[in-house]
Engineer: 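Got a structure here, written out as structure tokens. Questions coming.
Please read these numbers as outputs of a predicted model, since none were measured by experiment.
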Amino acid sequence: MAYSTKVIDHYENPRNVGAFGTSKEVAARRDIGIGIVGAPECGDVMQLQIKVSEQGIIEDAKFKCFGCGSAIASSSLATEWIKGKTVDEALTIRNTQIVEELSLPPVKIHCSVLAEDSIRSAIEDWKKKSGASPASPSTTPVTQHA
Amino acid sequence: MILPNSPTSKNPIYLDHAATTRCDPKVVEAMLPYFTERFGNAGSRNHQFGWQAEDGIEIAREHAAKLIGAQPKEVIFTSGSTESNNLAIKGAAEIYARAAAGQTGRGHIVTAAHEHKAVLDPIRRLMREGFDATFIQPPPDGVITAEMVKAALRPDTILVSIMWANNELGTINEVPQIGRLCHEKEVIFHTDATQWVGKMPTNVETDQIDLLSWSGHKIYGPKGVGALYVRRRKPRVRLEALQDGGGQERGMRSGTQNVSGIVGFGKACELCFNEMESEGKRLLAMRNRLETELKKRIEVTVVNGHETKRLPNISNISFGFVEGESLMMGVREIACSSGSACTSASLEPSYVLKSLGIGDDLAHSSLRLSLGRWTTDAEIDSAIEMIETAVNHLRRLSPLYDLHKEGVDLSKIVWQAH
Ligand SMILES: Cc1ncc(COP(=O)(O)O)c(C=O)c1O
Ligand code: FES
């Protein structure tokens, strides 16, 4: 399969890689929302952390991804897009916009869904922790220790 | 803009010889006259053009037979291993069936779960046509032994089909022992030797094989040509032809022969026969170095399949916490393949790796690197460097690597659907 130049760029220079601390540290912080989603199609995992101000603005975002190049590029792009947006604005981002921006082929559409889901999941987590009203309950963190 | 999946500066390093090989220029040279000057139909018995074509085919048949220790008459030319496997399996099943077409209980076939699709699918078709089959589940090292086959045999077993070396892992099954067992039990034994022949010494007599498939494009010959060995004595194996027509290839494979392809196939067999011993040593040394270096430099690197019972040129390696397709993207200068779900259209991880009980995490993280005739030490050096760099890059991105560093046992995590 051929990759678009944008996918290659995000792959080689991923934006906003990382986390705001170890999983224990961030779990306790009320200003951070964590979304961890897995793609049932291929078993890949995306982790998104957002740092949200009291006004509901996403001040910073960090991601990690175990997945194909398109999944890495989708999550990297998602962090770029949500930074500076309010959580409500971020919730309007659709995977189809990611598909278009990165010229993803049909077989890679679910990789962009993973990115959209991680945004929803992270915002929902933040709302729960910060006491804001919950987002539409479309996703929940999906990793679970056996 | 869509870029080709390769750098513009130089050709990628080709480490995908298990998928296909470059045609040896000597093979091409041998083939060329058969397109233009000696273009005859080998079936034209009454003029020089026909005789030349026939001579070309018969010389090729001798080289092919010599490579596997057979008699030339026992070699049937086909379009490749897929056809050879189909002809061997379906052709034998029809002849040795215990009940007529349309009935059930027509006979039992033994194979293994990690065979190539070109063996599994013909057998699955036979199962819809009244035959039974057992798919032996391979052990974690991937090697099928005679004991395992023996345990799967039934009084109504008519055919055993076990590949010689696995195309994804390079693991080598106990073929001579399985051959002996089948001959004792008077069961027909077929082996898909596509990855084995040309690289490893083969003798269908001492190895007690009845039917053996191999293919030109895996041995530096042309694509679309291969052969099936069909034993002629002790026992004389009979096959029902799959296609009817002019009765070429002893009636087992009708159709005007692909003369130039067959000539190229014969030349490829000859070259392999001559170079096998020294080439095997060269490849093994390079592959061992590749594996040793990668394991030394990159933690949680696992070589899949049996440590020593493996072809000298195939290495299937998993790099923990890194997804295979993204790794291939990181090493775009290396042409190779992966068992990762993300690389396949079906988004399923490799069924071969899964059948060994290798966890989904390691199956996702696998690369298959397969070396060949033109692989150099310098290429192996670059490959090691590139893989190390890419794995480190991706581990920095990997949430699983973080969990690993925090001491979480990843095999205990259940990834749930959302
Ligand atoms: C073990 C094995 N069997 C069969 C085949 C199919 O061979 P061919 O491409 O000649 O049909 C291959 C190659 O893809 C193979 O590796
Ligand atoms: S995340 Fe697996 S195919 Fe993209």
Engineer: Could you check which of Gly69(A), Gly18(A), Cys68(A) has the highest count of heavy-atom pairs closer than 4.5 Å to chain B?
Structural biologist: Cys68(A)
Engineer: Pick one of side chain, backbone, both or neither for Ser340(B), based on which atoms fall under 4.5 Å of a heavy atom in chain A.
Structural biologist: neither
Engineer: What heavy-atom pair brings His393(B) and Glu12(A) nearest, and what distance separates the two atoms?
Structural biologist: CE1-O, 3.7 Å
Engineer: How about Tyr401(B) and Lys64(A): do any of their side-chain heavy atoms sit closer than 4.5 Å?
Structural biologist: no
Engineer: Quick one: does Pro14(A)'s side chain get under 4.5 Å of Leu397(B)'s, heavy atoms only?
Structural biologist: yes
Engineer: Quick one, Ile72(A) and Met329(B) - any side-chain contact, counting heavy atoms below 4.5 Å?
Structural biologist: no
Engineer: Does the side chain of Phe66(A) reach to within under 4.5 Å of the side chain of Asp402(B), using non-hydrogen atoms?
Structural biologist: no
Engineer: Given the options Leu327(B), Asp360(B), Leu394(B), which has more heavy-atom pairs under 4.5 Å with chain A than any of the others?
Structural biologist: Leu394(B)
Engineer: Is it the case that atom CD in Glu59(A) sees more than 12 heavy atoms from other parts of the structure closer than 6.0 Å?
Structural biologist: yes
Engineer: Determine whether more than 12 heavy atoms belonging to other residues, nucleotides or ligands lie under 6.0 Å from atom NZ of Lys296(B).
Structural biologist: no
Engineer: Just checking Arg125(B): does its CZ atom have more than 12 heavy atoms from other residues, nucleotides or ligands closer to it than 6.0 angstrom?
Structural biologist: no
Engineer: Look at atom CD of Glu307(B) and say whether more than 12 heavy atoms of other residues, nucleotides or ligands are closer to it than 6.0 Å.
Structural biologist: no
Engineer: Answer whether the closest heavy-atom distance between the side chains of Glu323(B) and Val45(A) falls below 4.5 Å.
Structural biologist: no
